[in-house]
Asker: 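Dumping the structure here so I can ask a few things about it.
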There are 2 protein chains.
Amino acid sequence: MGKKDKMDMTKERLLDEAEALFAQKGFDVVTVREITAAAGCNLASINYHFGNKQNLYIEVFRSRWLPRVRRIHEFFTNSLPSQNSCSPAAIVQALARAFLEGPLSDEERQRHFRLIVKEIANPTTAFDHVVTEVMRPFFKELTGMLRSAMPDDQGEEQLMLNILSIFAMVLHFNFARAAITRITGREYDTDFKARLVDHIIKFSLEGLGTSK
Amino acid sequence: MGKKDKMDMTKERLLDEAEALFAQKGFDVVTVREITAAAGCNLASINYHFGNKQNLYIEVFRSRWLPRVRRIHEFFTNSLPSQNSCSPAAIVQALARAFLEGPLSDEERQRHFRLIVKEIANPTTAFDHVVTEVMRPFFKELTGMLRSAMPDDQGEEQLMLNILSIFAMVLHFNFARAAITRITGREYDTDFKARLVDHIIKFSLEGLGTSK
DNA sequence: TTGACATTGAAACAATTGTTTGATACAAAC
DNA sequence: GTTTGTATCAAACAATTGTTTCAATGTCAA
């Protein structure tokens, strides 16, 4: 095994373990000792490969989060019946499915949403990249699609609120797992998750007010 | 001014400033030096009055968060047209109004939701109290009300998901302020907030599927 | 006024944090 | 085989953390 490979392996392991821990506990709670121990490498390796802890965090978003959301977007686009002029129902369904049962594994999805929810709660510099590179463009794309799809033309603000509401539910049911389980007594088993997807799609569609 | 008053003042100030800071930054990021400085008292006062930092956090929930959610609940009950057998629309409207334009000031509300969202994201022992004392009972009450109010009797699970979805939106639009502003470019001014209340009520009602 | 008690204050404490250092191991280039 | 450069390692670093200590202060009861 070449030296280059070994270095890459360490770097990749660090990114993987760091993302998992950051998503689970948040940036400040996780220690570099925790990450390096999980990655099975030396304490100094984070500073060697990434400069400092903050840069590692940024790099997690750049090399893990962004590619993943691009995969989701691709899945969404491919799920649409036709490239332009779909029904609102088709758009919402493709959207919810892409995020909830798209290309991500269950563990991946949980990591993905927990990470971004922490950023939404307390935005850091990482959020700037995410907003400008992914969120704002995707948001514009969606409003454009929905505007031409909705029968009665709603205002820009109404469209915006509708999309935000759909994302609100997708985010909520993913990041509030533990709480929902404790409040309702319902476990997040395969059954319940499938039920959730159906519910979110149905609730969102009705919420749009175009399902009738 | 008596000694007792002064002591109470310090304790109250500590609780106020602690809640504001915990809501803003989260438990681990906030330092006891930050809190005591904001409260204008000595570094040791937290340990003197509350034993340790963790107890202060618990006490914030007991003496600030719980009373506030009881006020909201009272507001909700009083807003209902009649004590039993209301329409789903009336229930949802009273619910959303109680949380979004109820007895809480705007700043209070933001603190309130940011605090509980952090607990939902990463539950501590404080969450146990909240779940058993407030959430689960309120949840049961709501399902009971809605069950008898809904025309077609939906399953327990369906009712549960509907209520969770409403809370998902209430929580989301309160805690994701900064993110929403950055994504959409829309400020959280009086206008927008009023618009939000209307939207959440409408979206939720449609989502319930009983507005037709 | 005196003594007991509760609160505040400044300083120090031990533990943990992210980061830096210099030695070591090792693969590729000459 | 020597040199060069990179990655890893144990150890130490300076800074910050929550907590403790003990003297000083002020209040109320006797």
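The figures here come from the full heavy-atom set of this structure, side chains too, leaving out hydrogens, waters and symmetry mates. Because the structure is a prediction, the values reported are computed rather than measured.
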Asker: D:dT19, OP1 or OP2 - any side-chain N/O from B:Asn47 closer than 4.0 Å?
Answerer: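 Checking D:dT19 against B:Asn47, a side-chain N or O does come within under 4.0 Å of OP1 or OP2.
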Asker: Measure the distance from CZ on B:Phe50 to P on C:dA6 and round it to the nearest whole Å.
Answerer: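 Interatomic distance, CZ of B:Phe50 to P of C:dA6: 17 Å.
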Asker: Output the single nucleotide from C:dT19, D:dT17, D:dA7 whose closest atom is nearest the side chain of A:Tyr48.
Answerer: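 So the nucleotide nearest the side chain must be D:dA7.
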Asker: Please state how far atom NZ in B:Lys53 lies from atom P in C:dA15, giving the value in whole angstrom units.
Answerer: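 From B:Lys53 NZ to C:dA15 P: 19 Å.
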Asker: Between B:Gly51 and A:Asn42, which residue's closest nucleotide on DNA chain D lies nearer the 5′ terminus?
Answerer: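 The residue whose closest nucleotide sits nearer the 5' end is A:Asn42.
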Asker: Less than 4.0 angstrom between a side-chain N/O of B:Thr10 and OP1 or OP2 of C:dT8, yes or no?
Answerer: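 For C:dT8, OP1 or OP2 has a side-chain N or O of B:Thr10 closer than 4.0 Å.
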Asker: Has A:His49 got a side-chain N or O lying under 4.0 Å from the OP1 or OP2 atom of D:dT6?
Answerer: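 So the side-chain polar atoms of A:His49 never come under 4.0 Å of the phosphate oxygens OP1 or OP2 of D:dT6.
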Asker: Measure from CE on A:Met9 to C1' on D:dT8 and round the result to the nearest Å.
Answerer: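 After rounding, the reported distance stands at 15 Å.
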Asker: Do B:His112 and B:Val69 pass the side chain to side chain contact (heavy atoms under 4.5 Å, CB included) test, and can you show the C-alpha distance, the side-chain angles, and the key distance before you say yes or no?
Answerer: CA-CA 9 Å; B:His112 190 77; B:Val69 87; 4.1 Å; yes
Asker: Please lay out, stage by stage, how A:Gln54 and A:Phe27 fare under the test side chain to side chain contact (heavy atoms under 4.5 Å, CB included).
Answerer: CA-CA 9 Å; A:Gln54 177 76 19; A:Phe27 178 79; 3.5 Å; yes
Asker: Could you give the CD1-to-C1' distance, from B:Ile46 to C:dT8, as a whole number of Å?
Answerer: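 Value for this atom pair: 14 Å.
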Asker: Select base, sugar-phosphate, or nothing to describe what B:Val30 touches, counting heavy atoms under 4.0 Å on all strands.
Answerer: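 Sugar-phosphate contact only.
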Asker: What's the OH-P distance between B:Tyr57 and D:dT17, to the nearest Å?
Answerer: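 Distance, rounded to whole Å: 19 Å.
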Asker: Could you tell me the separation between the CG atom of B:Leu14 and the P atom of D:dG18, rounded to a whole number of Å?
Answerer: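 These atoms are roughly 14 Å apart.
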Asker: Using whole Å, report how far CZ of B:Arg33 lies from C1' of D:dT20.
Answerer: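 In whole Å, D:dT20 C1' and B:Arg33 CZ are 12 Å from each other.
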Asker: In whole angstroms, how far is the P atom of C:dT17 from the CG atom of A:Asp28?
Answerer: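 Computing the A:Asp28:CG to C:dT17:P distance gives 12 Å.
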Asker: Identify which nucleotide among D:dT19, C:dT21, C:dT19 has an atom closest to any side-chain atom of A:Ala44, counting heavy atoms from C-beta outward.
Answerer: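 The nucleotide sitting nearest to the side chain is C:dT21.
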Asker: Are B:Phe61 and B:His129 near enough that their ring centres are under 6.0 Å apart?
Answerer: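 No, too far apart.
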Asker: Could you measure the distance from the CG atom of A:Leu159 to the CG atom of A:Leu146? Nearest 0.5 Å is fine.
Answerer: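 Spacing of CG (A:Leu159) from CG (A:Leu146) equals 6.0 Å.
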Asker: In plain terms, say whether B:Lys25 and B:Asp28 are close enough for a salt bridge, that is, a side-chain N and a carboxylate O under 4.0 Å apart.
Answerer: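 No, this pair does not count.
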Asker: Using the side-chain heavy atoms of A:Leu43, tell me which of these nucleotides is nearest: D:dT8, D:dC9, D:dA12.
Answerer: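 Nucleotide nearest to A:Leu43's side chain: D:dA12.
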